[in-house]
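Below is one structure; the comments refer to it alone.
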Amino acid sequence: MDIRFTAEEATFRDELRAWLTDVLPTLGDPPDSNDWPARREWDMGWQRKLYDAGYAGINWPSEFGGRGSTPTEHLIFLEETTRMGAPYVGMNFVAQLHAGPTLILEATSEQQARHLPAMLKGEEVWCQGFSEPNAGSDLASLSTRAIRDGDHYVVTGQKIWTSFGHVADYCELLVRTDPDAPKHRGITWLICPMDLPGIEVRPITTVAGSSEFCEVFFDEVRIPVENRVGDENDGWRVAMVTFSFERGTAFISELLGTLNQLADMADIARNTSCNGSLAWDDDEIRREIGRLQAEYDALWALTKRVVSQAQRTGMPGPGGSVFKLYYADVKKRMADLAHRMLEREALVFGSEAGDEQTGGDMVASRLYVLSLSIAAGTSEIQRNIIGERILGLPKER
Amino acid sequence: MDFELTDDQVALSDGIRDLCQGRFDIDTVRGLADCGGVDRRLWAELADTGVFSLVVPEEDGGVGLGWAEAGLVFEQLGRSLVPGPLVGTLLASGWTDDAVVGLIERPIGPALVEYPDVIDALLVVDKDGVWRVDAADLSFEAAHSVDPLTPVGRVAVLPQGEAVVDYCYGWANQAVFLYSALQVGLATGARELAVAYAQERQQFGKPIGQFQAIKHKCADMYSREEVARAALYYAGCVMDATHGPGLPAGPGDYLYFEGCTIDPGDARGDREHQVMVRAISGARILAAEAADHNGKDCVQVHGGMGFTWEIDAHLYLKRAWALTPCFGSLDEHAERIAAMV
């Protein structure tokens with residue numbers, strides 16, 4: 001075990017840092033979070049800058065235009081970009097981290113040539129059409145139908161939790177092509193252009209009042225058969241194979257952002273009165289900050305273990321489910337602690353809350369953390385995965 | 001960066017695991033409660049294997065490994081519930097010639113000393129340094145320990161003892177690290193016992209591990225253990241990087257531990273030291289809580305049987321409790337970390 005970075009890794013970090021130092025001041029102010037066209041322009045502009053500097057597709061193989069970096073370099077990339085306040089992957093999330101890797105592993109060379117360069121250059125926004133109102137944790141029971149009609153699939157049904165659906169160009173879409181087969185064996189993976197007739201996108205308003213999720217309705221949408229990735233009825237495997245691209249890096253930006261937030265919270269505690277005295281003088285508040293720091297430090301160490309395992313074996317260790325389960329709980333505790341310190345100001349969104357501009361973030365954050373134990377596999381599903389796949393306990397079904 | 005065990009580290013960990021399973025099976029361990037917690041023949045085997053001289057340099061007759069390796073070894077000792085003053089004996093190695101050495105922080109009143117019937121000497125740590133008190137100079141009053149594998153005796157006034165070193169800080173940190181390693185092992189052992197029972201125990205016509213109420217409890221046990229293990233391994237690596245060979249030497253050339261929010265502009269020594277202290281205290285909190293919670297959950301998963309002396313669940317929990325109030329409460333460790341946030 002050696003947590004020290006090699007000379008090559010240090011060089012990678014230095015070069016990245018130098019580039020970020022030059023490029024970040026040229027970006028200007030980020031757009032308003034409700035201005036979707038401006039957000040699209042911002043996210044795609046950043047992706048183009050990454051492309052021009054050779055950092056696009058950092059974990060993609062070089063034969064597909066990626067940088068072909070090691071998992072550790074990927075970790076360093078996410079660490080430095082977060083530390084220096086670079087834009088987050090934003091609406092390039094699905095293209096960079098899910099659809100792109102799926103195409104690399106499963107698509108035809110025509111499909112790859114059509115989409116991969118555009119994804120890397122920030123010319124295509126992708127969204128994910130997997131979940132349905134009646135297929136959440138039980139995703140394989142999805143029922144959006146696709147009926148073959150000559151050279152087309154005719155798709156009818158409804159998808160939900162489709163992030164950035166209203167600004168996306170393409171959707172990675174799972175459809176039911178064989179309703180009579182066992183549920184995992186009748187699914188097909190399609191590339192669906194979002195401008196086809198019959199598609200309607202309706203934003204969903206979240207408990208935080210934001211609208212990054214959408215519902216997508218398909219009414220006899222005709223998708224060319226040539227847009228199928230993998231074989232008909234083999235879509236479940238195609239969707240799952242993407243996980244082999246996962247290297248334990250999914251939550252690095254999130255975790256490092258949280259570490260910054262905790263440092264801000266400690267500053268607020270040292271400068272804010274709570275029940276008539278400084279919040280920092282409250283033993284419980286101070287100790288909880290120390291414990292949260294210990295837990296985030298440990299989760300960062302766990303991340304490095306998973307990444308190192310990915311680097312050694314090509315597959316991340318079993319720490320991913322553990323991370324997600326544990327992190328969701330710890331982050332909820334941090335949000336609650338922030339609210340204890342802010343007292344009645346915790347009722348107010350925005351920069352006027354609290355005596356620091358971060359006060360507003362804390363209010364939104366307390367709502368946002370509710371989704372951490374739900375999105376991308378609920379905490380209950382994570383516990384099933386740990387119990388069954390890691391500990392070998394018998395399956396329920 | 002390669003934060004994964006090397007082949008040598010895997011071999012070391014497996015070797016100690018084999019030793020524990022061969023020489024410290026649960027019947028043997030339970031039997032040690034009848035001889036003060038230590039059988040000198042078995043203890044000598046641990047010593048001959050190098051368990052206590054792991055971090056002593058080879059030129060001084062030790063194994064010459066680092067704290068990361070010491071953590072792996074103590075994790076396995078904890079997992080098998082190996083009793084005895086393991087931490088004190090390791091820390092004393094190279095400083096005294098005693099075979100079985102207790103360890104205690106000098107209390108302001110009477111002292112509760114562990115393994116009173118078997119220690120040759122007691123190391124006493126206070127703010128002025130570390131002191132050796134010969135066992136012959138201690139008179140114990142009987143006390144009934146909650147943990148059958150951690151017998152204790154009461155001493156009205158600890159003698160001052162003879163000075164071993166005139167500083168204490170590193171010793172306390174190293175002790176805390178080793179206690180944490182034992183506790184990660186205890187958390188693992190308790191989880192393994194619970195999972196094995198959940199697989200075999202049948203109710204309502206199914207193994208109870210098939211029910212989510214039990215399965216999810218086991219998953220939480222594993223999660224705590226894994227997070228604590230990551231913290232422990234990280235702390236061991238930081239200790240080795242801070243103390244060990246291969247440190248960058250030039251002025252301002254500090255080791256850069258990622259994820260630490262301490263201002264990198266700090267003087268090299270200060271920053272390194274802070275990173276190390278924070279890592280050790282963090283491992284301590286997570287390991288102690290994982291051992292405590294996993295011990296309790298292990299009792300719960302066993303149902304009524306978990307409340308019996310016969311089932312081993314209580315041994316993990318009691319050992320976890322015995323190891324926690326040493327060298328700072330968890331609140332004090334949390335305070336120590338908070339001061340660096």
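In what follows, chains are A, B, ... by sequence order, proteins preceding strands, each numbered from 1.
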Select one option (side chain, backbone, both, neither) describing which atoms of A:Glu288 are under 4.5 Å from chain B's heavy atoms. neither
Does a donor on one side chain and an acceptor on the other come within less than 3.5 Å for A:Glu396 and B:Gln212? yes
Considering only heavy atoms from C-beta outward, does the side chain of B:Val341 approach that of A:Leu292 to under 4.5 Å? no
Under a 4.5 Å cut-off applied to non-hydrogen side-chain atoms, are B:Arg229 and A:Arg305 in contact? yes
Given the rule in the side-chain contact (heavy atoms from CB on, under 4.5 Å) test, do B:Lys215 and A:Glu388 qualify, once you have shown the distances and angles that lead to the verdict? CA-CA 8 Å; B:Lys215 183 181 291 174; A:Glu388 292 166 11; 2.6 Å; yes
Return yes when atom CD of B:Gln202 has more than 12 non-hydrogen atoms of other residues, nucleotides or ligands closer than 6.0 Å, and no otherwise. yes
Atom CG of A:Asp22: over 12 foreign heavy atoms under 6.0 Å: yes
Could you look at A:Arg312 and say if it's the side chain, the backbone, both or neither that has a heavy atom under 4.5 Å from chain B? side chain
With a 4.5 angstrom heavy-atom cut-off, is it the side chain or the backbone of A:Ile390 that approaches chain B, or both, or neither? side chain
Shorter than 4.5 Å, heavy atoms on both sides: which option in B:Asp331, B:Leu5, B:Leu330, B:Val195 has the most such pairs with chain A? B:Asp331
Test side-chain contact (heavy atoms from CB on, under 4.5 Å) on A:Asp297 and B:Tyr234; report intermediate values, then the result. CA-CA 9 Å; A:Asp297 284 347; B:Tyr234 176 70; 5.5 Å; no
Flag the one option from A:Ala301, A:Pro71, A:Ala266, A:Ala269 with the top tally of heavy-atom pairs under 4.5 Å to chain B. A:Ala301
Side chain A:Gln293, main chain B:Ala338, donor-acceptor under 3.5 Å: no
Which heavy atom in A:Leu391 sits nearest to a heavy atom in B:Gln199, and how many Å separate them? O-NE2, 3.6 Å
Polar side chain donor-acceptor pair, A:Gln311 to B:Asp2, under 3.5 angstrom: no
Using the side chain to side chain contact (heavy atoms under 4.5 Å, CB included) definition, which of the options A:Arg4, A:Lys304, A:Glu73 pairs with B:Met1? A:Lys304
Pair count under 4.5 Å, heavy atoms only, with chain A: among B:His216, B:Gln9, B:Glu192, highest is B:His216
Quick one: pull up OG in A:Ser308 and OH in B:Tyr233 and give me the separation to the nearest 0.5 Å. 13.5 Å
Examine whether an atom of A:Asp329 lies under 4.5 Å from a heavy atom of chain B, and if so say whether it belongs to the side chain, the backbone or both; otherwise answer neither. neither
Applying a strict 4.5 Å limit to non-hydrogen atoms, the region of A:Gln382 in contact with chain B is neither
Highest number of heavy-atom pairs under 4.5 Å with chain A among B:Thr6, B:Ile285, B:Leu286, B:Ile214 belongs to B:Leu286
To the nearest 0.5 Å, atom OH of A:Tyr326 lies from atom CZ of B:Arg224 at 8.0 Å
Minimum heavy-atom separation for B:Ala198 and A:Leu393, please, with both atom names. CB-CD2, 3.9 Å
Specify which of A:Gly387, A:Ala294, A:Pro394 makes the most heavy-atom pairs with chain B at under 4.5 Å. A:Pro394
Counting heavy-atom pairs under 4.5 Å with chain A, the top scorer among B:Ala339, B:Ser223, B:Gly66 is B:Ser223
Cut-off 4.5 Å, heavy atoms of chain B, and the answer for A:Leu302 is both
Which heavy atom of B:Ala230 sits nearest to which heavy atom of A:Ala298, and what is that distance? CB-O, 3.8 Å
